[in-house]
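What follows is a single structure, written as C-alpha cells, with notes after it.
Here is how names work: the chains are called A, B, and so on, in the same order as the sequence lines, proteins then strands, and each is numbered from 1.
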Amino acid sequence: MLAIFKRELRSYFSTSIGYIFVGIFLALNGAIFSYCTLQQFENSNVSLYFTLMIFAFVVILPLITMKLFSEERKLKTEQLLLTSPVSLWSMVFAKFLAAYTIFASTFLVGSCNFVVLYEYGQPSTAIIFGNIISILLVGAAFIAVGVFVSALTENQLIAAFGTMAILFLMLLLGIVGSYINFTPLRVLVNWLSIFTRFFPFTYGEFSFSAIVYYASIAFVFLFLTVRVFEKRRWE
Amino acid sequence: MIKIDHLVKHFGDKKAVNDISFTVEEGEIVGFLGPNGAGKSTTMNMLTGYLSSTSGKAEIDGIDIFESPMEAKKKIGFLPEQPPLYLDMTVQEYLDFVYDLKGCKLNRKKHIAEICDVVKITNVYKRMIKNLSKGYKQRVGIAQALIGNPKVIIFDEPTIGLDPKQIIEIRNLIRTLGKNHTVILSTHILPEAQAVCDRIIIINEGKVVANEKRENLSNLIQGNRRFEVQICGPQKEVLSELKSMQGINYVEYLGGADMDSHSFMIESQPGVDIRKTLFYLLARNNWPLINVQAMGATLEDIFISLVDKKPEQEKSKRSKKTQGGN
C-alpha cells in the first residue's frame with residue numbers, strides 16, 4: 001500500500017497537476033479569506049470563509065482525483081496493480097490517502113492565514129479549530145467521491161465533471177431541503193445534507209455525529225470503488 | 001507448476017473461454033497460440049488473477065488463484081499485451097516501485113541490478129520511460145515481471161509491435177528465462193512459438209484444439225508425407241505418371257526449375273513411403289531425378305488445419321444429431 005501511496009504522491013509533482021492544484025487552491029483560499037475577514041473589518045466572518053471554501057472544493061478537488069484510476073485504466077497500468085499481491089482495499093485506500101495528503105497539507109498551509117487575524121483582533125480559536133477539523137472531514141468525503149467516479153471511466157474529463165456534478169448535488173441537498181413541504185422527506189434530505197452537519201462547527205460546537213457522518217460518506221464511496229473493481233473482475 | 005482445470009469465462013452471452021484444461025510442468029516454455037479473439041488474453045488474465053472465472057480452477061504451484069490470490073500472485077510475473085509502464089518515471093524509479101509493490105524481500109540493489117543485466121537495460125537505467133524506444137519499453141516491462149524472482153512468468157504477446165531485430169532479441173531473452181522459470185507465452189505469431197517454446201497449446205473459440213510437444217505437432221495433421229521433387233522429363237507425361245503411382249494422395253506441378261527439369265509436390269497416403277516406388281518409376285522412364293526434399297508440415301499448416309477442422313467437426317456432429325433427431 002505504501003508503494004502505491006508514494007508513487008501517487010510523487011506523480012502529482014512529476015506532472016503539472018500538483019502545482020496547478022496547489023496554486024489554484026492557495027489563490028482561491030487567499031481571496032476568500034481576504035474577502036470574508038480582512039476586508040470586512042469589524043464584521044469579519046470566519047464561518048463564511050469555511051462555507052465558501054466548501055463550494056470552492058466542488059471545483060478544485062476533482063483536479064486531484066480525476067486521474068487516480070482513470071489514467072491507470074487508460075494507460076493499462078492498472079493491470080500491474082491488479083495482478084500484484086496487493087488487496088483492492090489497500091490499492092483504493094492508498095490512492096485516496098495520496099489525494100487527501102495533498103489536499104490536507106495545502107489546506108493547512110492556507111490556514112496559516114489565520115495568524116494574521118490574531119494580529120488585528122481576537123478571533124474565536126474554538127470556532128477556527130472546529131471549522132478546520134470539519135473542513136478536513138468534508139474534504140475526505142469529497143475526495144472519496146472523486147476516487148469513486150475516477151474508477152468508473154478512463155476519461156479524466158468525464159471523471160472531473162462527474163465528480164463536480166455529484167458534489168454539487170450533495171451541496172444542493174441542504175438548500176433544497178428547506179423548500180420541501182413533505183416533512184419526512186425534508187427531515188431525510190436535511191439529515192443527508194453536508195451543510196446541516198456542518199453548521200454546529202460554525203458556532204464553535206464539536207459535533208461527533210458530523211464526524212461519523214463525513215467519515216461514513218468517505219467509507220461508503222471507497223467501498224463502492226472497491227466494488228467497481230470487483231464487479232469488473234467478475235463480469 | 002500450472003494447472004488449469006475446466007476453466008470457463010463468459011462475457012454476457014459470449015463464451016470467451018469454454019472449458020479449457022491443461023497443465024504446465026516446471027521449467028517448461030509453453031506457447032499459447034490462437035487467432036485474435038480466441039481467448040488467449042482472457043485465459044492469461046484469469047491465470048494472473050486480473051479476471052475471475054465463471055467456473056473452473058487455476059492453480060499456480062498448488063495454490064488456487066481464485067481462493068488465495070495474494071499467495072498465488074507472489075509466484076507470478078506478468079507482462080500484459082501493453083507493458084504497464086508509468087511514463088513519468090525513470091526506469092530506476094519504476095523498478096523500485098514494482099519491488100515495493102510486490103513486497104520483495106531480496107536484496108534490492110543486487111536483485112534489480114541482476115534483472116537489468118539479464119534484460120539488458122542497465123544503459124537506460126536512469127532515463128525516463130517515456131523517452132525510451134518501444135523495444136526498451138518492452139524490456140522494462142519484462143524486467144518488472146522478473147522482480148521478486150517469480151516461479152512462473154506469463155507473457156501476453158511479448159513481441160507485438162517490435163521490429164525484427166528487437167523480436168529476435170526478446171525471443172532469445174525468453175529462451176534464457178526459460179532456464180530458470182516456467183514460462184507461458186501467448187502469441188498469434190506462429191514462428192514465435194516455433195522458435196521459443198517446448199510445447200504448444202493451440203486455442204480457438206475458447207477451446208483447446210491441440211496440446212503437443214512442438215516436434216509432435218506435425219503428426220496431428222493426417223500423418224501426410226510431402227516431398228518436393230525435381231525431375232528431368234516432359235512435364236505433362238511426368239505429371240500423369242506421378243498421379244498414377246500407387247499410394248499417392250496428391251500431386252501438384254510447382255513449375256519449371258530450368259530448361260528441361262520440372263518441380264512437383266507429391267503427397268503420399270498415410271503410412272506409405274513413396275520414395276522407392278518413385279525411384280523405380282523414374283528409372284523405368286529414364287527420367288533423371290535431380291532433387292528430392294521432404295516438406296514437413298509447417299506450424300502454419302498445422303494451425304490452419306486444426307483451427308479450421310474443429311468447427312467443421314462440430315458442424316458435422318450437429319448435422320448428424322439433427323439427422324438422428326429427424
Heavy-atom nearest pair, Leu101(B) first then Val86(A), reads O-CG2, 3.6 Å

Q: Could you check Asp100(B) against Leu2(A) for side-chain contact (heavy atoms from CB on, under 4.5 Å), going step by step and ending with a plain yes or no?
A: CA-CA 8 Å; Asp100(B) 292 334; Leu2(A) 193 63; over 6 Å; no

So CZ of Phe78(B) and CG of Leu80(A): to nearest 0.5 Å the spacing works out to 10.5 Å

### Query
What do the steps show when you test Arg10(A) against Met89(B) for side-chain contact (heavy atoms from CB on, under 4.5 Å), and what is the final call?
CA-CA 9 Å; Arg10(A) 193 197 151 281; Met89(B) 293 176 120; 4.0 Å; yes

Determine whether Gln79(A) and Asn45(B) satisfy the following criterion, side-chain contact (heavy atoms from CB on, under 4.5 Å), listing intermediate values before the conclusion. CA-CA 9 Å; Gln79(A) 260 183 313; Asn45(B) 285 332; 3.2 Å; yes

For the pair Arg7(A) and Asp96(B), evaluate salt bridge (charged side-chain N to carboxylate O under 4.0 Å, His left out) and give the outcome as yes or no after the intermediate values. CA-CA 10 Å; Arg7(A) 200 217 86 76; Asp96(B) 271 337; over 6 Å; no

NE2 (His10(B)) and CH2 (Trp234(A)) are apart, to the nearest 0.5 Å, by 13.5 Å

In terms of heavy-atom contacts, Lys73(B) and Ser84(A) come closest through CD-O, 3.4 Å

The interface call for Ser53(B) against chain A, heavy-atom contacts under 4.5 Å, is backbone

For Arg233(A), does its backbone N or O pair with a side-chain atom of Ser52(B) as donor and acceptor, under 3.5 Å? yes

CD (Glu71(A)) and OH (Tyr86(B)) are apart, to the nearest 0.5 Å, by 9.0 Å

Closest non-hydrogen contact found for Ser11(A) with Asp88(B) is CB-OD2, 3.6 Å

Bottom line for Tyr94(B): the part with an atom under 4.5 Å from chain A's heavy atoms is side chain

Turns out that what part of Glu230(A) lies under 4.5 Å from chain B's heavy atoms comes down to neither

Rounded to the nearest 0.5 Å, the OG1 atom of Thr83(A) sits from the OH atom of Tyr50(B) at a distance of 9.0 Å

Test item: Lys6(A) side-chain N/O and Phe97(B) main-chain N/O as donor-acceptor pair under 3.5 Å: no

